[in-house]
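Notes follow the structure.
Letters go in sequence order (proteins before strands), and every chain restarts at 1. Computed over heavy atoms, backbone and side chain alike; hydrogens, waters and symmetry mates excluded. As the structure is a computational prediction, the values presented were derived from the model and not from experiment.
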There are 4 protein chains.
Amino acid sequence: MSKREVPASVKDARLIKKRRNQMIKGAIALFKQKGFHRTTTREIAKASGFSIGTLYEYIRQKEDVLYLVCDRIYDEVRERMEKDIDTHQGTLESFKLAIAHYFKVVDELQDEVLVMYQEAKSLSKESLPYVLDKEMQMVGMFENILKQCVDNGVFHLNEQEIRLFAHNIFVLGQMWGFRRWALQKMYTLDEYIEMQTNLLLKGILEKRS
Amino acid sequence: MSKREVPASVKDARLIKKRRNQMIKGAIALFKQKGFHRTTTREIAKASGFSIGTLYEYIRQKEDVLYLVCDRIYDEVRERMEKDIDTHQGTLESFKLAIAHYFKVVDELQDEVLVMYQEAKSLSKESLPYVLDKEMQMVGMFENILKQCVDNGVFHLNEQEIRLFAHNIFVLGQMWGFRRWALQKMYTLDEYIEMQTNLLLKGILEKRS
Amino acid sequence: MSKREVPASVKDARLIKKRRNQMIKGAIALFKQKGFHRTTTREIAKASGFSIGTLYEYIRQKEDVLYLVCDRIYDEVRERMEKDIDTHQGTLESFKLAIAHYFKVVDELQDEVLVMYQEAKSLSKESLPYVLDKEMQMVGMFENILKQCVDNGVFHLNEQEIRLFAHNIFVLGQMWGFRRWALQKMYTLDEYIEMQTNLLLKGILEKRS
Amino acid sequence: MSKREVPASVKDARLIKKRRNQMIKGAIALFKQKGFHRTTTREIAKASGFSIGTLYEYIRQKEDVLYLVCDRIYDEVRERMEKDIDTHQGTLESFKLAIAHYFKVVDELQDEVLVMYQEAKSLSKESLPYVLDKEMQMVGMFENILKQCVDNGVFHLNEQEIRLFAHNIFVLGQMWGFRRWALQKMYTLDEYIEMQTNLLLKGILEKRS
DNA sequence: TATGAATGAGCTTTCATTCAT
DNA sequence: TATGAATGAAAGCTCATTCAT
């Protein structure tokens, strides 16, 4: 799985990359403002700095733009996560740092995350699985971190609990973005991170000893 | 706030209620399948059992249908919650029951909740606040339950924590619906309820004393 | 010719008269504002003080309203003309008075005249002749006045000239209404009357001896 | 003032000119038959020789077509007037020629003039002033001619009279078109010109000397 | 490769007219 | 006679997509 090939008429791979970068950048800006459906292909072309004809040299359908955008956003998030996080330590501290870092990445990319969050459902039956797969990889990252901690005896969680917990972390992170209208009025990002970390951890830390 | 009046050309209030019920029912079925944007007004009319002309006797714009749908879904959720839940007991057991009940309601209405979840953002700047307001009322319900428990000494939480916790409960409930493609493959509803309740509770229960 | 029967479902002639009066009054007010095409039958019904269903008890088609309106406006103009003008004197003074009076009537009914002027063209091929016929009767009135004057030796005009002159008077009167955006900024009604009368008269008054 | 820019999506100015010419020609033909309101945009597109989509590449709204049509007709009328008329001579003969020429132009373009005459009022508040301005320029042309004659002592008229007279000429010219159902049955164009010229002139020629 | 004019299916919305009550 | 809910044809307009240049 991992990547759906979006066919282009143009051959030059270098050019494809360049043009698609322009396209993704322009499209995200537009999708933020008006959503996928209310954005026209002409607008995307214009925001990308080329003509509508050129746009269609690099995609087949409008929906391809959405796929490329979603794909890119996940790459971006994962890249930032991987750059700064060591998922293999398996200590309480590394777990806390991972959460904090993830929440910060969501905060930085909150517009992008929101776009993907709201528009991914408009992907075709064909494209959606690729994006969901990427999402599961992100969740999988949290699973791995948790597993390391469990292996090290920091937490006691079974397989099922690890999975659910990873989902919770993933969603509570996104929540900072998609419920910003409520949350960001009440807390700073740091407060949010601290409170959520506490709540999450208290739930699973071994309390007897 | 509480309700935006959607203007109708027809005067008979009873009829408005009846027709709008048909409309909401038809629209939800369609929005489930194809989303708001891909559903046409003609389809809505047809699914509602009347003509396109009649549809427009009961709304002014397509978007009104979406508002009506969102509004109804929240009423439905709240109604079911209120019917079976006593929010004033302030006991651990009542808290657990409230969560379990909420999760069950989300499960029963999962299509509806998903629709509202995914499409609400397409509401106009004018309508959105009304829907967000309803959402905050739901969150407020959890806040109240938590407050009662805190007052009774069941939990120790400050104002900020209560609020965040209420949001978490709300979102983790919805999560059962909007991440069903992952979660419902892994757990039954009862398992989900039990595990989440555990995780949530362990985080806040007073452990020593 | 003289009148086209607009069929009504209702039998009671008295009622027909009453309802049509309401209708004409309401319609004129609306046509003034927005023209015939932009006025809906619902608006006409409402402005008339009854329901759309009732409206259609007294007409067959929307266009009938326009016909009734045009018909009424001509009656109104003619009625006012006939009330105050003696067309049989054949003196210079009576001619001047007739013109002045006509111009004053146009001024008083300028909205109505404008409506008829602008909308009559929307009448069907069937109705239009009846309205044009009424218009010709008005022109005929001026012809008669002119003829009397010619018979009395006040003017020297042949048949052709009388006819054209009557048209000129008719149109220059209406002009006060339909070019009001220009004329009424430059002249008062009295100035307009005086100047036009002078110009008209100098052209035909016997100048020698 | 002088011209309202009607925005086009297409950039090639040459093409815009060409397509709009087709459009204007097609639209005039249709407006003649059925008026602006009863003509559909699809009909205009078809009569112009292109698709509805293409039509909207060259205008923004249906009303723009009407504006373009009115604008063109005035240009056409003025162009023809300017080509053959010297407005600066200030002789009786040149005045007569100007009237005759104007009446002939109205006769040649009588369908166009009629269209503009009947439909201009359907222009939006935004466009109308531009058309009225053009109309005033035409009237201004007659004013100038009259002024020259007054300066040369051919007529004795004050400012106010010149203005009114110019309006009269303008309207009596149009009258040949918009009352053709009556006038053109009674007179030939030449007769009409001669009679109107006589009536107009006798009114203002200096009679004593 | 890049362009942008052309296309037309399809959208939302309106409104004259009907007819059961 | 009066009502107004129901209808659906038809309107204006948009926009994803194509293709000749």
Side-chain angles (χ1 to χ4, degrees), chain A residues 8-12 15-16 19 37-46 49-65, chain B residues 8-12 15-16 18-19 37-46 49-63 65, chain C residues 8-12 15-16 19 37-46 49-65, chain D residues 8-12 15-16 18-19 37-45 49-65:
Chain A
S9 306
V10 169
K11 303 297 168 202
D12 182 345
L15 201 49
I16 292 180
R19 293 279 180 256
H37 280 105
R38 297 200 208 279
T39 300
T40 69
T41 50
R42 279 173 144 90
E43 287 170 326
I44 295 170
K46 192 171 183 186
F50 39 72
S51 72
I52 182 68
T54 300
L55 181 70
Y56 274 85
E57 295 292 320
Y58 296 92
I59 55 164
R60 254 182 338 182
Q61 307 174 69
K62 185 186 175 191
E63 200 229 274
D64 289 342
V65 180
Chain B
S9 303
V10 167
K11 290 167 186 175
D12 182 343
L15 200 51
I16 293 179
K18 182 181 160 195
R19 293 280 179 258
H37 281 106
R38 295 200 207 280
T39 301
T40 69
T41 51
R42 282 187 143 76
E43 287 170 327
I44 295 170
K46 195 171 184 184
F50 38 71
S51 71
I52 182 67
T54 299
L55 179 70
Y56 276 88
E57 293 286 313
Y58 295 92
I59 54 163
R60 253 187 334 192
Q61 307 173 67
K62 185 187 177 190
E63 200 229 272
V65 180
Chain C
S9 305
V10 168
K11 304 295 170 202
D12 183 343
L15 201 50
I16 293 180
R19 293 280 179 255
H37 280 105
R38 296 200 208 277
T39 300
T40 69
T41 51
R42 279 174 144 90
E43 287 170 326
I44 295 170
K46 192 172 185 185
F50 40 73
S51 71
I52 182 67
T54 301
L55 180 70
Y56 274 85
E57 295 292 320
Y58 295 93
I59 56 163
R60 254 183 337 184
Q61 307 174 71
K62 185 186 176 190
E63 200 228 275
D64 290 342
V65 180
Chain D
S9 304
V10 168
K11 290 168 183 174
D12 182 342
L15 200 52
I16 292 179
K18 183 181 161 194
R19 294 280 178 257
H37 281 106
R38 296 202 208 277
T39 300
T40 70
T41 51
R42 283 184 146 81
E43 287 170 327
I44 295 170
F50 37 72
S51 71
I52 181 67
T54 300
L55 179 70
Y56 276 89
E57 292 285 313
Y58 295 92
I59 55 164
R60 253 186 334 192
Q61 306 173 66
K62 186 187 177 192
E63 200 228 273
D64 289 341
V65 180

Margin query: Please classify the nucleic acid contact of S9(A) as base, sugar-phosphate, or nothing, using heavy-atom distances under 4.0 Å.
Written below: nothing
Next item on the list: Rounded to the nearest angstrom, tell me the gap between atom CD1 in I44(A) and atom P in dC15(F).
Entry: 12 Å
Margin query: The criterion is side-chain contact (heavy atoms from CB on, under 4.5 Å); which residues satisfy it with S9(C), sequence neighbours excluded?
Written below: E57(C)
Check: So what's the dot-bracket for DNA chain E: Watson-Crick or G-U pairs under 3.5 Å, [ ] if a pair crosses, | if it pairs off-strand?
Finding: .||||||||||||||||||||
Notebook entry, point to check: Hey, does R19(A) reach any base, or is it just sugar-phosphate, or nothing, if we go heavy atoms under 4.0 Å?
Noted result: sugar-phosphate
Check: Which residue, G49(B) or G53(A), contacts DNA chain F at a nucleotide closer to its 5' end, judged by nearest heavy atom?
Finding: G49(B)
Note to self: I'd like to check the side-chain contact (heavy atoms from CB on, under 4.5 Å) partners of T40(C); sequence neighbours left out, ordered by chain and number.
What the structure shows: R42(C), E43(C)
Next item on the list: First locate atom CZ of R19(C), then atom CG of L55(C), and finally report the distance between them rounded to the nearest 0.5 Å.
Entry: 11.0 Å
Next item on the list: Test side-chain contact (heavy atoms from CB on, under 4.5 Å) on D64(D) and Y58(D) and set out the steps.
Entry: CA-CA 9 Å; D64(D) 289 341; Y58(D) 295 92; over 6 Å; no
Checklist line | Start and end of chain D contact along DNA chain E [non-hydrogen atoms, under 4.0 Å] | finding: dA5(E) to dG10(E)
Margin query: For a quick check of understanding: with a heavy-atom distance under 4.0 Å over all strands, which category does T40(B) fall into, base, sugar-phosphate or nothing?
Written below: sugar-phosphate
Next item on the list: With sequence neighbours left out, write down each residue that passes side-chain contact (heavy atoms from CB on, under 4.5 Å) with Y56(A), or none if nothing qualifies.
Entry: T41(A), I52(A)
Notebook entry, point to check: Whole Å only: how far is the NE2 atom of H37(C) from the C1' atom of dG12(F)?
Noted result: 16 Å
Notebook entry, point to check: At their closest point, which heavy atom of H37(B) faces which heavy atom of K62(B), and how far apart are they?
Noted result: O-NZ, 3.7 Å
Item checked: Interatomic distance where CZ belongs to F50(D) and P belongs to dC13(F) [whole Å] -> 15 Å
Check: In terms of the nearest nucleotide of DNA chain F, which residue is placed more toward the 5' end: E57(B) or T39(D)?
Finding: E57(B)
Check: Mapping V10(A) and I52(B) to their closest nucleotides on DNA chain E, which lands nearer the 5' end?
Finding: V10(A)
Margin query: Measure NZ/K46(A) against P/dA16(F) and give the value in whole Å, please.
Written below: 15 Å
Check: Rounded to whole angstroms, how far apart are CZ on R42(D) and C1' on dA9(F)?
Finding: 12 Å
Check: Nearest nucleotide by nearest heavy atom, which residue falls closer to the 5' end of DNA chain E, S51(D) or Y56(B)?
Finding: S51(D)
Item checked: Under the side chain to side chain donor-acceptor pair (under 3.5 Å) test, residues paired with E63(D) that sit two or more places apart -> S124(D), S127(D)
